[in-house]
Amino acid sequence: MPETITAWLETVQEQIRWKRARPVLIQELARHLEDQREEFLKEGKSPEEAERLAVRDMGDPVSAGTELDAVHRPRPQWGLLALTLALAAAGAVLRAVFHDQPGSPAILTGKILVSLGLGTAALLGMYFLDVSRLVRHARAVYIAVLAAGVLGLRAFPHATHPAYYAGYAALLFPVAYTLWFYSFRGKGWTGLFHSIAGGVPLALICAQTPSAAALLTLLSAGLIMTLWAAWRDWFGTGRGRALCAVLGITSGILIRLFYRGYFSAIRVRLQTALHPELDRQGRGFTGWMLRTFWEDVLPLGQLGSEASAGVNAGIRVGWRTRPVDFSSDFLPASMAVAWGWIPLLLLVAALTVLLLWLLVKGLRQSYLPGRLTVVAVVLTLGFQTLLSTALNFGFVLFAASLPLVVGNLQTVMDMALIGLALSVFRGDSAAREKPPLQQRKRLRIRFEYQ
């Protein structure tokens, strides 16, 4: 048996096959051995004898390393990977059948297949990523994502939308903000205000894009995180004071939005979404048209009016059916008009199962940054799913695409986000959280004169 700490640790390390787990486990063992050696030194042992006894108490290094190797192994996520790939493949088929872009079918099919291949590569690439590296470089990740959003606004204008690519960069904002927020844990009031301020540039990009869905997702994720962090007293400022600060900042933002007329705009959107037929300015046309189509979709077809039957008969040309030709965001409704609502229900149910599966596993993670990352991913995809489902059923609030189904580049981004969540699950046994930095205590001296 080795008689020095270094030799003992080297023997243990040789038994651990997962390279990612080695540094974490060896560091913990080294710390424990150092503590043991200090105890023997306090008993009057010589340094050499204390080290030998500490190693002896730890037992055989081969057995210890073998036991650690058996426990700390990557945890494959075959079920989630298979469900994600199945949904992405189904989305590729639907985009090929119900495409709304001009051009050769062969070229369009080629683009769809390329996007599916890139999405699979992104899924697997993020799946094998070490999330702890992102956590260690959280602020660099935030700056990179922020730069991508700015470039999407200014550097790469699109023929149909000047900020087309900024909308895709905005899908990464909740995750980037989560990492930014976590990097200030334990840093007092300065950390609290810096973490909140980090959301401002991201929100401005969402407003400039403009993407109301991305802004809503970012603000919701930020509010949930700040309230949770304040309740857990992340920053060491005291739970009550932190909650008051967060609620005060939130109230100030809401008051400013109220006076700038945003609440009136939201009220109009809600009224138009609920009663599109009453809007006199024509903004409810899309919602009215979609609801008219749904009245004639089996098995609700027998409830349809003469108007719905007439409109649908006029639109249905050949085997390719599309209720409205505005954008591919309405692909789920197109599928339902052609094949009935049951296939759409099954598709949305499968996507819901995927998101709930991710959320439940994410909340069980022991690695806090990983847990927060998974929640940010689920919020991003969950808001897309809710808004897209409402949109396709005629409740038009914001533009949104159904994850993994609508859009080629959108699918690549969605698969990358899911891969990031799966990497958290895969490496949970090797992930360790560093304790927050402790605030320095100030020494106060008071002089009294008598």
Side-chain angles (χ1 to χ4, degrees), residues 122 126 129 131 134-135 137-156 158 161-184 193-229 246 249-250 253 257 262 355 358-359 362 369-388 398-401 403-404 407 409-421 423-424:
M126 299 302 286
L129 178 70
V131 177
L134 297 181
V135 176
H137 304 285
R139 298 179 194 179
V141 173
Y142 169 86
I143 293 173
V145 172
L146 179 62
V150 173
L151 289 174
L153 283 176
R154 304 301 180 192
F156 300 102
H158 193 266
H161 197 297
Y164 177 81
Y165 294 105
Y168 293 109
L171 294 173
L172 304 175
F173 286 179
V175 171
Y177 180 68
T178 296
L179 296 174
W180 167 270
F181 195 95
Y182 179 81
S183 68
F184 288 96
F193 290 120
H194 275 83
S195 60
I196 295 175
V200 175
L202 302 178
L204 290 176
I205 292 176
C206 293
Q208 289 281 327
T209 301
S211 176
L215 182 60
L216 177 63
T217 304
L218 177 64
L219 293 179
S220 300
L223 181 59
I224 291 172
M225 186 174 303
T226 49
L227 288 175
W228 185 83
V246 171
I249 294 173
T250 303
I253 294 174
L257 293 176
Y262 283 94
L355 295 178
L358 290 173
L359 180 61
R371 190 191 318 163
L372 296 176
T373 299
V374 174
V375 171
V377 169
V378 172
L379 284 175
T380 301
L381 301 179
F383 270 106
Q384 286 185 51
T385 303
L386 288 174
L387 294 176
S388 176
F398 309 111
S401 301
L404 301 174
L409 184 54
Q410 173 90 24
T411 297
V412 175
M413 301 296 293
D414 291 337
M415 294 180 77
L417 287 173
I418 294 174
L420 180 62
S423 70
V424 174

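Between the CG atom in L223 and the CG atom in L227 there is a gap of 4.5 Å [rounded to 0.5 Å]. Taken to the nearest 0.5 Å, the CG atom of L355 stands 7.0 Å off from the CD1 atom of I418. Rounding to the nearest 0.5 Å gives a distance of 6.5 Å between CZ of F383 and CG of L379. From Y142, atom OH reaches atom CZ of F173 across 8.5 Å, with rounding to the nearest 0.5 Å. Within the model, atoms OG of S211 and CG of L171 stand 8.0 Å from one another, a figure rounded to the nearest 0.5 Å. Here the straight-line distance linking atom CZ of R371 with atom OH of Y182 works out to 10.0 Å at 0.5 Å rounding.
Across all their heavy atoms, L218 and G199 have their closest contact at CD2-O, 4.1 Å. Closest of all the heavy-atom pairs between Y177 and G198 is CE1-C, 3.9 Å. Nearest heavy-atom pair across Q384 and A400 is O-CB, 4.1 Å. Across every non-hydrogen atom of M413 and Y168, the tightest pair is CE-O, 3.4 Å. Looking at every heavy atom in both residues, A221 comes nearest to P174 through CB-CB, 4.4 Å. Taking each heavy atom of A138 and W180 in turn, the nearest pair found is CB-N, 4.4 Å.
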**Trace of the side-chain contact (heavy atoms from CB on, under 4.5 Å) decision for V377 with V424** = CA-CA 11 Å; V377 169; V424 174; over 6 Å; no
I would like to know whether L179 and S183 meet side-chain contact (heavy atoms from CB on, under 4.5 Å); could you show each step before the answer?
CA-CA 6 Å; L179 296 174; S183 68; over 6 Å; no
message = Could you walk me through whether L134 and V175 satisfy the side-chain contact (heavy atoms from CB on, under 4.5 Å) test, starting with their C-alpha distance in whole Å, then the side-chain angles of each, then the deciding distance to 0.1 Å, before giving a yes or no?
response = CA-CA 10 Å; L134 297 181; V175 171; over 6 Å; no
*Test L153 against Y165 for side-chain contact (heavy atoms from CB on, under 4.5 Å), laying out the working first.*
CA-CA 7 Å; L153 283 176; Y165 294 105; over 6 Å; no
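Looking at residues two or more places apart in sequence or on another chain, you find no side-chain hydrogen bond (donor to acceptor under 3.5 Å, both in side chains) involving T373. Partners of S423 by side chain to side chain contact (heavy atoms under 4.5 Å, CB included), not counting sequence neighbours, listed by chain and number: V131, L420.
L372 has its side chain out of reach of F181: every pair of non-hydrogen atoms, C-beta onward, lies at least 4.5 Å apart. Contact annotation: the side chain of T380 approaches that of L417 to within less than 4.5 Å [non-hydrogen atoms, C-beta and beyond].
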